[in-house]
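A quick write-up on the structure given underneath.
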Number of protein chains: 2
Amino acid sequence: MPVTIKDVARRAGVSPSTVSRVIAGSGVISRATRERVAAVLKEMRYHPNAVARSLIRREAGIVGLSISRPASDAFANAFFTEVIRGIGDEVGAAGLDLLLSMSATPQEEQEHCLRLLRSRRIDGVIVSTARVADDLLKTLDQEGFPAVVVGRPPAGTRMSWVNNDNVAAGRMATEHLVSLGHRHIGLISGAEELSFCRDRYRGYAMALSAAGLEPEPVAHVVHFTRQDGFDAARRLLRDRPRVSAVVAVDDTLATGALQAARALGRRVPEDLSLVGFNDDPFAASLDPPLTTVRIQVYDMGRQAARILLRLVAGTAKLLRYRSAAELVVRATTCPPGGPR
Amino acid sequence: MPVTIKDVARRAGVSPSTVSRVIAGSGVISRATRERVAAVLKEMRYHPNAVARSLIRREAGIVGLSISRPASDAFANAFFTEVIRGIGDEVGAAGLDLLLSMSATPQEEQEHCLRLLRSRRIDGVIVSTARVADDLLKTLDQEGFPAVVVGRPPAGTRMSWVNNDNVAAGRMATEHLVSLGHRHIGLISGAEELSFCRDRYRGYAMALSAAGLEPEPVAHVVHFTRQDGFDAARRLLRDRPRVSAVVAVDDTLATGALQAARALGRRVPEDLSLVGFNDDPFAASLDPPLTTVRIQVYDMGRQAARILLRLVAGTAKLLRYRSAAELVVRATTCPPGGPR
DNA sequence: CTGAAAGCGCTTACAG
DNA sequence: CTGAAAGCGCTTACAG
């Protein structure tokens, strides 16, 4: 049996209220009692019961992070691990704890998150995957739970979010290729219901249309894995032989595309230029080093947590943060046919 | 204000006890009241308060997972992400939740875990990194908290753990190289305080000594990153030019070593054989595909969780699970000088 | 400055 | 079968 405040009170010859006040550092307690109680606290190795406190304070002191992809590809992707790191640092600094909810499907995610929130097990939630039509986000909005999305929530929801401008980012990546002289530029992307995929596609299409070019049919992947990137690139390069440059919405996909190009006997960048997204840790050490759009993923995690904490504390109702994106030109892009 | 059991009781015209019994599915309640209460429950959208329940049941319903490396390299490593996935699946299936505790140092880890446990915020903890002299594990053992280590706990602690036989695994990797005819075999490893590094070293040394060979000076890394693997391999290959084969205790390190070999103009496997550990998802798609010792990481996560749940439930006191390891020969190993 | 009382939202013997 | 009471471990007005 763990020692309770009552045990301490009895031993110190005071009331539980007094012990509680000493623990809380209430200035009102006389020095003598404070010291005596403090000594007993220490001697008995008292540790406050977080659950009892939560019940009174009506806050769990825990925030949730929901990851709804099959964890196999979520965790394998540096994007998520960096986001988690940012969230963890910020949440920890605030003295709160982080509960991890993993779900394989949007339905499961919805159930998990709502159960956690409704049962007051968590005070708020960060949702790491935004879908174009997201029931969870809508419900969160309606029921007024503190929540922030990493990504773009469905239109019409009054949600807090943290995002980078994926339209602009997609445009930036594509414009780079256009400016190098490419006329046939392909795109490897994920499901259309994923907001960031849709947005990057729009940026891609805008850049092309501004240059008077036509988009190629998108090569879709199901999972954000190297293998899926490989397969998608192979299909794309076979079906559209004139494609001289490819944008992949994720560095892991780009890595797969790089291998596919090799497998088809195409040199990168001479025969095929390639741009990724995220600037994952490995991007710079690929062979050749990958040109990519750097997203400030760790920072997005921190900002998401910072916002959530403010929502939970009630010091804000709605907060949004747009993070920066930067094109990092390395060695997988050059004019069609080779440098110069 | 969320609706409580009292609100429901009032509306349904029964006592809170009765409502509670209906929720718990107590068979003793009359059909009529059961149905009436159930209707009100639904109508009022009642959701039980997990915190209040935890207080009574004296269990949080949450288990912790502690990750103590700098998250930057922990998460980037497929080992951890697979472990998390296994744990998450098992914990979720049992209807419990998972709290993630990340710490940058062993000291921080100790503080975090003990706070979580002592404050009864979590019912037990899975510690994902075992150190040779681990204060945390010793304290966990002494204070009798349900805990399981992924890896080998310090000698003398009566802890539950899940591990693969790293001595045998290190030996298996090295014997493979010996049997190919290598006489000068290097090792890239992490800090000696990490149990799995120490164990794999022992296996490595045993295999060599059985063949009448001498170990090379170990090339140590600080972080389990590609970069550190690169640097360590470069040092090793420069200092010990006769080394014709290298064992890296981790696939990510092996990837760095592969790049270092290339940078030094050594072909793999003709001029340098390379064996990794873990069979990370990318291992098979490296160029050339990596020979590695496959560890059943997902399974280790599941087993760790399964054991922890039994400790928490009190249906066991001490449980240990040794998982299998398997040598997967791919294309980074061959006899010195090239095939045949 | 300190204590007794009430209460956070539940559950569960104990009566009836 | 159902309710009143006690209690999980704390906090906090309210008295004094």
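It should be emphasised that the depicted structure is a prediction, and the values quoted were computed from it without experimental measurement. So you know, we letter chains A, B, ... as the sequences are listed, proteins then strands, and number each from 1.
Within the shown strands, C/dC14 is the pairing partner of D/dG3 under the Watson-Crick or G-U definition, both distances less than 3.5 Å.
Within 4.0 Å of B/S20, counting heavy atoms only, lies at least one base atom of the nucleic acid. Residue-level contact check: B/P2 touches neither bases nor backbone, having no heavy atom under 4.0 Å from any strand. Contact annotation for B/I56: base contact, defined as any heavy-atom pair under 4.0 Å involving a base atom.
Checking D/dT2, D/dG9, D/dG3 against every side-chain atom of B/V14, the shortest atom distance belongs to D/dG3. Among the nucleotides D/dC8, D/dT2, D/dC10, the one closest to the side chain of A/K6 is D/dC8. Of the candidates D/dG9, D/dT11, D/dC1, D/dG9 carries the atom nearest the A/L55 side chain, counting heavy atoms from C-beta on. Among D/dC10, D/dT2, C/dT2, the nucleotide with an atom closest to any side-chain atom of A/T18 is C/dT2.
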Evaluation steps, side chain to side chain donor-acceptor pair (under 3.5 Å), between B/S68 and B/R131: CA-CA 11 Å; B/S68 76; B/R131 292 189 175 72; 3.3 Å; yes
Derivation and outcome, side chain to side chain donor-acceptor pair (under 3.5 Å), residues A/T18 and A/S15: CA-CA 5 Å; A/T18 299; A/S15 75; 3.2 Å; yes
Verdict with supporting geometry, B/Y298 and B/D89, side chain to side chain donor-acceptor pair (under 3.5 Å): CA-CA 10 Å; B/Y298 172 81; B/D89 284 355; 2.6 Å; yes
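Of the side-chain N and O atoms in B/S17, none sit less than 4.0 angstrom from OP1 or OP2 of C/dT11. Residue A/R21 has no polar side-chain atom (N or O) positioned under 4.0 Å from OP1 or OP2 of D/dT11. Note on A/T33: a side-chain N or O is less than 4.0 Å away from OP1 or OP2 of C/dT2. OP1 or OP2 of D/dG9 sits under 4.0 Å from a side-chain N or O of B/R58. The shortest distance between the side-chain N/O atoms of B/S15 and the OP1/OP2 oxygens of D/dG3 is below 4.0 Å.
Rounded to an integer number of Å, the gap from B/E59 CD to D/dG9 P is 13 Å. When rounded to the nearest whole Å, the span between CZ of B/R118 and C1' of D/dG9 equals 18 Å. The distance from atom CG of A/L41 to atom P of D/dG9 is 16 Å, rounded to the nearest whole Å. Atom CG of B/N49 is separated from atom P of C/dG7 by 18 Å (rounded to the nearest Å). Taking atom CD1 on A/I29 and atom C1' on D/dT11, their separation rounds to 13 Å, with Å as the unit. Between the CG atom of B/D7 and the P atom of C/dG9 there is a distance of 9 Å, given to the nearest Å. Atom CZ in A/R34 sits roughly 14 Å away from atom C1' in C/dT2 (whole-Å rounding). Atom CD in A/E35 sits roughly 13 Å away from atom P in C/dC1 (whole-Å rounding).
A/D141 contributes a side-chain N or O that, together with a main-chain N or O of A/R158, makes up a donor-acceptor pair within less than 3.5 Å.
Between A/D299 and A/R302, no side-chain nitrogen of the basic residue sits less than 4.0 Å from a carboxylate oxygen of the acidic one, so the salt-bridge criterion is not met.
Paired with A/S103 under the rule side-chain contact (heavy atoms from CB on, under 4.5 Å), one option of A/E111, A/Q110, A/H112 passes, and it is A/H112.
Positionally, the nearest nucleotide of DNA chain D for B/S30 lies more toward the 5' end than for the other of B/S30 and A/I5. In this structure, A/A32 and B/A52 both approach DNA chain C, and ranking their closest nucleotides by distance from the 5' end singles out A/A32.
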